[in-house]
Each structure stands twice: as C-alpha cells, then as structure tokens.
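Reckoned from all heavy atoms, side chains included, excluding hydrogens, waters and symmetry mates. Just so you know, ligand 1 is whichever comes first in the structure, and atom 1 is the first atom listed for that ligand.
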Amino acid sequence: PTMAHSQALLVLENFIGGKFVPCSSYIDSYNPSTGDIYCRVPDSGKEEVEAAVKAAKDAFPIWSSKSTLERSQILNKLADLIEHDLEAFAQAESKDQGKTITFARTVDIPRAVHNFRFFASSILHHVTECTEMPSMGCVHYTSRAPVGVAGLISPWNLPLYLLTWKIAPAIACGNTVVAKPSEMTSVTAWMMCKLLEKAGVPPGVVNVVFGTGAKAGEALVCHPDVPLISFTGSTLTAQRITERSAPHCKRLSLELGGKNPAIIFDDADLSQCIPTTVRSSFANQGEICLCTSRIFVQRGIYSEFLKRFVAEAKKWKTGNPSDPTVNVGALISKEHLEKVRNYVKKAQAEGARVLCGEGVDPLALQPGNQKGYFMLPTVITEVKDESCCMQEEIFGPVTCVVAFDTEEEVIKRANGVKYGLAATVWSGNVGRIHRVAHRLQSGLVWTNCWLVRDLNLPFGGMKASGIGREGAKDSYEFFTEVKTITIKH
Ligand code: NAD
C-alpha cells in the first residue's frame, strides 16, 4: 500500500482528562476504498490506559454526584453538537471504514446522535422498587448508583454508532469511562472528543485511548480499577476478555457475532421480503452483526425466490463509497477481504454453486478505487448445513440460500449453529410467526421486517452471540449497582 502523498496524514491523539495527548508510537490506518494509509492512530499501552483510568477515577466523584437532570442536559447538548456536524462525521466514517456515504449519513451518525438523546431521556424515567412488610414494621426499597470507571471496547463495523451506544448509558448513569475504539476505525471517536468540552462534559468523564486490542484493550480489561467492561466484537475476543478479567471478577456485557437465519415461508409477501432480505444480507457490506447469512426458503417458492433474489442482489452497485448511488462500499481491510473471499472458494470446493458476485460477475472499479477492498454481493446455494459457510460468521457480503419443507425442520436447522443473535421470519400466518419466534434460539426475532429497533427493549444474543442485554432498562441495570435498603419504624 502506498501513502496518500497528496494530503498530509491525519494524526490522532488520545483524549485523557479533557486534553489531547500525543503517544510515543503509532499504527497506520488505511482508507479501505483506496488502499492508502491516510491516518496514524496512537498505539497505546499500559501507560496510556493507566493515565486514562486515573483521570476517570478523579472525575468520578463530581460526575456521579451531579443530578440526573444535569447529566441529561449535557448528553442532549452533545447530541446537538454531533448532529450539527453530521455531514463531517459521515464523511469521516465512510472514509475510515469503507462504508457508503449514504449509510453513514442515514444510519451511523443519526444513530450516534440518537443514542445520546435516547439515554438523556430514558435516564429520567427509571423508578426503583419498594415493598412493604407490615408484620415486621418494615419497608424495603432499592437504590441504584453508578459503579465507577467503565471500560468500553467497540468494533470497526459501526464505529461511532456502537461506541456511543455504550458511552451514552454509561455516563448518563453517572459513571466515568475509558473507551477504546477499534484501531481500524478511530477517527469519529477522536472527532467526538473535540466536542465534549463544549457540550459541558467535565474533563476525565470520557477518556478515549486508541490502539490495538492486544495492547490497549487488554490493559483496560486487566486494570484493577475498572470494575466493568462493555464489549462488542467477536466471540473469540470475548473469550480472551473473559479469561483476562476473571481474576478481578469484573462485570461483563458481551455483544458478539451472529450467523443469522432468515426463514421464508411459502405465504410470505415476496415483494417486501426480497428487497428487505437483500438489504439484510448486504447492507454495510454484510459487516453488521445482525446481517442475514443463512436464508431458508420453503420448497414451493424456492426457485421463484432464488431467481428474484439474485436479480435484486445484482442491482446493488459496488464501488466508490462517496458516490451516493453506491450500495456496497469497501470491506474493512485487505486481510478481511481475503478471509471473506476464501469462504466463497471453500464453498465452491465443497460443491456449492455461486449464483452471483465473487468470481462470477465482473467488478468494475473507478481508477482511484482499484486498490480498494471491494467485493460484489455474493449468493451461494446448494450448500450443506454443515459447511463452514453455513456455520461460521463470514461478516462480508455473502449469503447462502437453501430450501426447507416443514416448520419443524426449519426451526431445528436454524438453531443448528453455535450463535443466537438475530433471526427473521417471513410469513402471513400470525400463529406460525408466534410459534416459530418462540422456538428460535435468538436474542432478537424480526418478523416481516429487519433492523427495526426500539432502544427501550433488550438487545443482545444467546449462545455464542453474547452475555447480557443492552437497552433502556438493561443498560441502566448494567451500568449501575443496586442496593436493597430496609427500614424498620
Ligand atoms: P474484534 O473482537 O476483533 O475487536 C473488537 C474490539 O476488541 C476492538 O476494539 C479490538 O481492538 C478489541 N480487542 C481485540 N482483542 C482484544 C483483547 N485481547 N482484549 C481487549 N480488547 C481486544 O471484533 P471486530 O473484528 O472489530 O468486529 C467484528 C465482530 O464484532 C464480529 O464478530 C461482529 O459480529 C461483532 N459485532 C457484534 C455486535 C453485537 O452487537 N452483537 C455488533 C457489531 C459487531
């Protein structure tokens, strides 16, 4: 890869105790749509994490003693400031991550703004519990208090969206935080730091330490003064975090990968189902933990579905993410692109058929994007349930379509993976939808839609897809410690 000579490199700094501080070493960060190095990210380690935790600890007494209303107002102000710069944030997210400008403008940044507004509001509405015990002359009530310094670790696929989904509830509850975004997508977190002072966030309440998982991430996970870790990322990293944090008995929230099924019954409204399932398979280059990657279609409509689905997938335009008409941008890295391509090759070697995309259709890229990490939406069929493409999270624009006969059979097959994050069910039969939804091992079940979220309700996965839930009440419970107080008169 070559350097982007025409422009000076963007150099990020850690944000500790309300100040930007340079780091002694840096990591190169690539623009996925050109393959150029365009940014340098601090390669923080123990020392930087130590300073950030200290700043967060120092800020805790003041922040945690502010009224909920004061904190709420600050969160709202921060939301307004990010929204004011929405276009600049969207451009930066698209450049850093490879996602289309349209997706960054309509999904990532608006959701980051909404995360702050949502928790600014929801934090005002929690009530604690109270019970009476007249025979003993007692009342019992619960009280909730912030825990302390929260460690927040986020992935590269929805950078600011997922980081703010953690920062907002953590600070709304009165904790202070040390956040570590993915080393591959650090720019928008750094941009957000520039707005904190203006929003009224006191120094030390939000600290951001940039760097790799192995160095900066582990230093945070192992720090004795960080009692809770909220992590979103892969199942493998979650295992490591669980091991490393175990000696400290930390509270963990783990939002992990998925191998999400779509179940399409023969009475589904295909005019809705097909475009939505193309979107659920390929949105954000398939780099969303909630993306569909196993499509089970009832035998009677299988051929028709396949024909129409492939035709729709082929309409998706792949290329320069800053072109607003493009649907599929660049994958995050060269290594990731190779990994995703290898899954397609393995499927072919096993005798599966690739109906469109990788290796089948030509990929025409503009001159500036020739070295970018692009891949066409790819549809695989005639693939066995045991195949790695049907079992492992690919996290790219690849989806498998297979046929099924009965409800009983499809539930068993849909549940036949180690993951359990999100499923979609398409049918016009309400009874069937209820039956199937209840039996699916999945933290979320969308019926006749996809990615429609009410942040009030729990979000999270079963099995290898995670531990814990996030949402209005769930995040409040995670980021606070509850106490039961008994008063005898
Ligand atoms: P990853 O696990 O490689 O990295 C996630 C974060 O953890 C990064 O910030 C990374 O630097 C850090 N990290 C890595 N090793 C670490 C360690 N030993 N200690 C502490 N931190 C460490 O995941 P990724 O490749 O960035 O993201 C893709 C994965 O995230 C996919 O599996 C995807 O399904 C999952 N994901 C899940 C959700 C969800 O809400 N369930 C949402 C988005 C992404």
Within the 4.0 Å heavy-atom cut-off, what Leu220 brings close to ligand 1 is neither

So the atoms of ligand 1 within less than 4.0 Å of a heavy atom of Leu256 turn out to be 34 (O), 37 (C), 38 (C), 39 (C), 41 (N)

Tell me the contacting part of Thr232 for ligand 1: side chain, backbone, both, or neither, using a 4.0 Å heavy-atom threshold, strictly below.
both

Among Asn260, Thr237, Leu152, whose heavy atom sits nearest atom 16 (C) of ligand 1?
Thr237

Plane angle bin for Phe119 and Trp165 - parallel if under 30°, tilted between 30 and 60°, otherwise perpendicular
tilted

If we number the atoms of ligand 1 from 1 as shown, the ones under 4.0 Å from a heavy atom of Phe231 are 2 (O), 5 (C), 6 (C), 7 (O)

Can you report which non-hydrogen protein atom sits closest to atom 25 (O) of ligand 1, along with the distance?
Trp156 NE1, 2.8 Å

Is the count of non-hydrogen atoms from other residues, nucleotides or ligands lying under 6.0 Å from Lys19 atom NZ greater than 12?
no

Among Pro155, Ser253, Gly213, Gly461, which residue places a heavy atom closest to atom 22 (C) of ligand 1?
Gly213

min-distance protein heavy atom vs atom 28 (C) of ligand 1 -> Phe395 CE2, 3.6 Å

Centroid separation Trp426 to Phe296 less than 6.0 Å
no

For ligand 1, the portion of Met184 having any non-hydrogen atom under 4.0 Å away
neither

Heavy-atom neighbours of Lys346 NZ exceed 12 at 6.0 Å:
yes

With no hydrogens and no angle check, just 3.5 Å: does a side-chain donor-acceptor pair link Tyr419 and Asn260?
no

So, regarding Thr212 and ligand 1 (criterion: nitrogen or oxygen to nitrogen or oxygen, under 3.5 Å), is there a contact or not?
no

Gly257 heavy atoms, cut-off 4.0 Å: which ligand 1 atoms fall inside?
32 (O), 34 (O)

Heavy-atom closest pair, residues Leu75 and Ala168:
CD2-O, 3.6 Å

Going by an N to O cut-off under 4.0 Å, is there a salt bridge joining Glu358 and Lys345?
no

Can you tell me which residue and heavy atom of the protein come closest to atom 18 (N) of ligand 1, and the distance to 0.1 Å?
Glu218 OE2, 2.9 Å

If you count the atoms of ligand 1 from 1 in the order shown, which ones are under 4.0 Å from a heavy atom of Glu393?
31 (C), 32 (O), 33 (C), 34 (O)

Count the heavy atoms belonging to other residues, nucleotides or ligands that lie under 6.0 Å from CD of Glu47, then report whether that count exceeds 12.
no

Suppose I only count heavy atoms of Phe459 and a 4.0 Å limit; which atoms of ligand 1 are within that range?
40 (O)

Which of the atoms of ligand 1 are close to Asn157, meaning less than 4.0 Å from one of its heavy atoms?
43 (C), 44 (C)

Considering heavy atoms of the protein only, find what lies nearest to atom 23 (O) of ligand 1 and give residue, atom and distance to 0.1 Å.
Ser234 N, 3.4 Å

Would you mind telling me if ligand 1 is within reach of the side chain of Glu255, the backbone, both or neither, using heavy atoms under 4.0 Å?
both

Glu392 bridged to Lys259 by N-O distance under 4.0 Å:
no

Side-chain donor-acceptor pair under 3.5 Å between Ser234 and Thr237, yes or no?
yes

Value for CG (Asn207) from NZ (Lys57), rounded to nearest 0.5 Å, stands at 13.5 Å

Which residue and heavy atom of the protein sit nearest atom 38 (C) of ligand 1, plus the separation:
Cys289 SG, 3.0 Å

Does an N or O anywhere in Arg240 fall below 3.5 Å from an N or O of ligand 1?
no

In the protein, what heavy atom is nearest to atom 8 (C) of ligand 1, and what distance, to one decimal place, separates them?
Ser154 O, 3.3 Å

Of Gly443, Gly217, Cys291, the one whose closest heavy atom lies nearest atom 21 (N) of ligand 1 is Gly217

Enumerate the atoms of ligand 1 whose separation from the nearest heavy atom of Leu162 is less than 4.0 angstrom.
42 (C), 43 (C)

Identify the protein heavy atom lying closest to atom 12 (C) of ligand 1, giving its residue, its atom name and the separation to 0.1 Å.
Ile153 CG2, 3.6 Å

Within 6.0 Å of CD1 in Ile467, more than 12 heavy atoms from elsewhere:
no

Do we see a donor-acceptor contact under 3.5 Å between the side chains of Ser230 and Glu470?
yes

Looking only at non-hydrogen atoms, which of Gly233, Ala216, Gly211 approaches atom 29 (C) of ligand 1 most closely?
Gly233

His434, NE2: over 12 other non-hydrogen atoms inside 6.0 angstrom
no

Does Pro181 come within less than 4.0 angstrom of ligand 1, counting non-hydrogen atoms of the residue?
yes

Does Leu256 reach the side chain of Glu393, with side-chain heavy atoms less than 4.5 Å apart?
no

